[in-house]
Amino acid sequence: MFLSLTFLASIFITIQFYKWIKFYLNISKIPGPKNQIPFFGIINNFIGEKVGNYGKIFLEIINKTKPIQKVWFGPKIFIIPNTPEMFKTIFTSPYCVDKPRYIYGGFFANNGLLSSNGSVQEKHRKILSYSMTPKMLNQLVPVFEEKIQKFIKRMKNKIDGDEFNVFEDVAACTLEALVKGNFQYDYDCYESDLLKACASSDGITLRRIMQPWMSFEFLFKISQLSKDVKRIFGPIYSAVDKILEQNEHLRIESDDKKGIFIKQLLNLKNEFSEEEIRDEIFILIFAGSETTATTLSMCLLLLAMHKNIQNKIIEEINTKNSNDDFPYIEMVLKEVMRLFPIGPIIFRETTAEIMLESCEVPKNTTIAIPIYFLHRNENIWGKDSNEFKPERFEANKIDKIHSYAFVPFSGGKRMCIGYKYAMTFMKIFIVNFFKEFEIETSLKYEEMDVKVLPTITVTQGFPIKIKKRTI
Ligand code: HEM
């Protein structure tokens, strides 16, 4: 008995050792930054730095042009691909659908789409995607219009006033439309605690990533981080309670598979647990509001800096009806998301070995996907890749660019579920805004200082000055 156990143990150890050697031989072929301290990797670069700078530091350490590289982050390795071909492999591989738990999971809404994995994510995605079809979104347009008009009324008070940071108002408008459209929750979000909770999550996700021991439930519960999470996200939890209270009547068995988000969640036939319902409401508020509001604020700021492009938008609005397509506005929004993708770096975990170019990436390895760099790669976008030029999205030009070179909403099975929602809302917002106003700013494009928290933002905020439209 003892001998056979020893025999089995030695076979197990040999296999593990073989796998370990194979893993190191494989990854030794992948280049990485030189000054990586053994066992710590690049962690020393973060010591003494503010949480708000972590994302930026990470992006600065990665080589912007290398097709593939590796970075040791403590005992964890990150493989960082940087070509559209490799992005395509990752986004279309059945073995790169999961997200690493130590980055996405841990302390909130683990059953929500953003951080769940496997059968939970797959089931939720299938049911909830019905709420984001073009037909469903058309039903939300009157809510979008109502909330955007409220925002415009507020902006009229700012005409010929001082320069101000437009983000908070845009975020309130976005949030009001989101909670009313998806949850039938008509709430005044301006200057609200809910808005603060969504718009300033204080880099709490980054703090969690930088303290890997927080994934142990008992350590997390007694930590300052846990108190901060409750304090910062408290208003979102209260909103979830109120949304459920107001929609109690939707808890019925219905054969209608195409309801708005809250109907899908509460339809008893879909068999969501109470925790899953709460987590999905939380995640939609969290993932849908700040992302859209930041992209829109960035768009306004860039248009305030580029008067010629602003004028072209106004020209398009002047020649079209509200229900028409607005191809130039769409190009502008895409160019904003190319230069400032809201998720500049996202992560996946391999569930089986995959090949990236000639590198074998082993199972259970984290892949960091630097969307920000790919979107600014000169080899793809040309020497002017850092400039704001919406015309590069004209059909005859963009057709020549690899389809995975532009992925602001990520791709594949984990692609943003709200991308059509976001594009519809943003287009209606820009059309209505420039029907009324012209804008300018004292901030120069070259002076913009980007912050990654882990979503992208600008250190100086989004300062604009509003004037009544004259053309
Ligand atoms: C301009 C606006 C937006 C951008 C640029 C954006 C971008 C993204 C990106 C890059 C991801 C992948 C994140 C990752 O893998 O780490 C994502 C996921 C997600 N987004 Fe968005 N998003 C936007 C708006 C929205 C809106 C309006 C909603 C909801 C109404 C939404 C809901 C979600 C959800 C639920 C996920 C997780 C999907 C899954 O993993 O299955 N997003 N988004």
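Start at 1 and go down the list; that is how both ligands and their atoms are numbered. Computed over heavy atoms, backbone and side chain alike; hydrogens, waters and symmetry mates excluded.
- Among the atoms of R348, some N or O lies under 3.5 angstrom from an N or O of ligand 1.
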Step-by-step side chain to side chain donor-acceptor pair (under 3.5 Å) determination, E280 to N111 | CA-CA 7 Å; E280 285 299 4; N111 299 292; over 6 Å; no
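- Nearest to atom 29 (C) of ligand 1 by heavy atom, out of N117, L284, V97, is L284.
- Listed by atom number, the atoms of ligand 1 under 4.0 Å from Y104 heavy atoms are 14 (C), 15 (O), 16 (O).
- At least one N or O atom of L113 sits closer than 3.5 Å to an N or O atom of ligand 1.
- Heavy-atom proximity to T295, at under 4.0 Å, picks out these atoms of ligand 1: 1 (C).
- At a threshold of 4.5 Å between non-hydrogen side-chain atoms, the residues F429 and T174 do not count as touching.
- Comparing heavy-atom distances from atom 11 (C) of ligand 1 across G288, A422, C416 singles out C416 as nearest.
- Note on ligand 1: F261 sits outside its first shell, no heavy atom being nearer than 4.0 Å.
- Within ligand 1, the atoms closer than 4.0 Å to a non-hydrogen atom of A287 are 25 (C), 31 (C), 32 (C), 33 (C), 42 (N), numbered from 1 in the order shown.
- With S410, G418, A177 as candidates, the residue nearest to atom 12 (C) of ligand 1 on a non-hydrogen basis is S410.
- Close contacts of ligand 1 with I342, meaning ligand atoms under 4.0 Å from a residue heavy atom, involve 4 (C), 5 (C), 6 (C), 7 (C).
- Between E146 and K180 a salt bridge is recorded (basic side-chain N to carboxylate O distance below 4.0 Å).
- Close contacts between ligand 1 and T292 involve ligand atoms 2 (C), 24 (C), 27 (C) [criterion: under 4.0 Å to a heavy atom].
- The distance from the CD1 atom of I464 to the CD atom of E440 is 10.0 Å, given to the nearest 0.5 Å.
- Taking a cut-off of under 4.0 Å to the non-hydrogen atoms of Y421, the atoms of ligand 1 that pass are 27 (C).
- When only non-hydrogen protein atoms are considered, atom 24 (C) of ligand 1 lies nearest to T291 OG1, 3.3 Å.
- Closest to atom 10 (C) of ligand 1, if we only count protein heavy atoms, is P408 O, 3.3 Å.
- A donor and an acceptor atom, one from each side chain of Q184 and N247, are located under 3.5 Å apart.
- Ionic pairing of E335 and R392 is present here: one or more N-O contacts between side-chain nitrogen and carboxylate oxygen are shorter than 4.0 angstrom.
- In this structure, G343 does not count as a contact residue of ligand 1, since none of its heavy atoms falls inside 4.0 Å of the ligand.
- Ligand 1 places these atoms under 4.0 Å from at least one heavy atom of I346: 14 (C), 15 (O), 16 (O).
- Taking the side chain as every heavy atom from C-beta outward, M155 and C173 never approach each other to under 4.5 Å.
- Contact record, I345 with A368: CD1-CB, 4.1 Å, taken as the closest heavy-atom pair.
- Geometrically, R251 does not engage F272 in a cation-pi contact, judged by NZ or CZ lying under 6.0 Å from the ring centre and within 45° of the ring axis.
- Ion pairing of K307 with E438 is present here, as a side-chain N (NZ or NE/NH1/NH2) and a carboxylate O approach within less than 4.0 Å.
- Taking only non-hydrogen atoms, the option from M298, H124, R125 nearest to atom 41 (O) of ligand 1 is R125.
- Heavy atoms of other residues, nucleotides or ligands lying less than 6.0 angstrom from CG of D325 number 12 at most.
- Note: no N/O pair closer than 3.5 Å links N182 and ligand 1 by distance alone.
- With hydrogens left out, the protein atom closest to atom 40 (O) of ligand 1 is R414 NE, 2.8 Å, a heavy atom.
- Heavy-atom distances between M132 and ligand 1 reach below 4.0 Å in at least one pair.
- A salt bridge does not link K363 with E353: none of the charged nitrogens is closer than 4.0 Å to a carboxylate oxygen.
- Of all protein heavy atoms, the one closest to atom 35 (C) of ligand 1 is I417 CG2, 3.5 Å.
- For K257 and Y130, the positive end is not near the middle of the six-membered ring at less than 6.0 Å and at most 45° from its axis.
- The protein atom (non-hydrogen) at minimum distance from atom 4 (C) of ligand 1 is F409 CE2, 3.4 Å.
- With F406 as the aromatic partner, K334 does not meet the cation-pi criteria of under 6.0 angstrom to the ring centre and within 45 degrees of the ring axis.
- Within the 4.0 Å heavy-atom cutoff, M423 does not count among the residues contacting ligand 1.
- Scanning all protein heavy atoms for the shortest distance to atom 36 (C) of ligand 1 gives L114 CD1, 3.9 Å.
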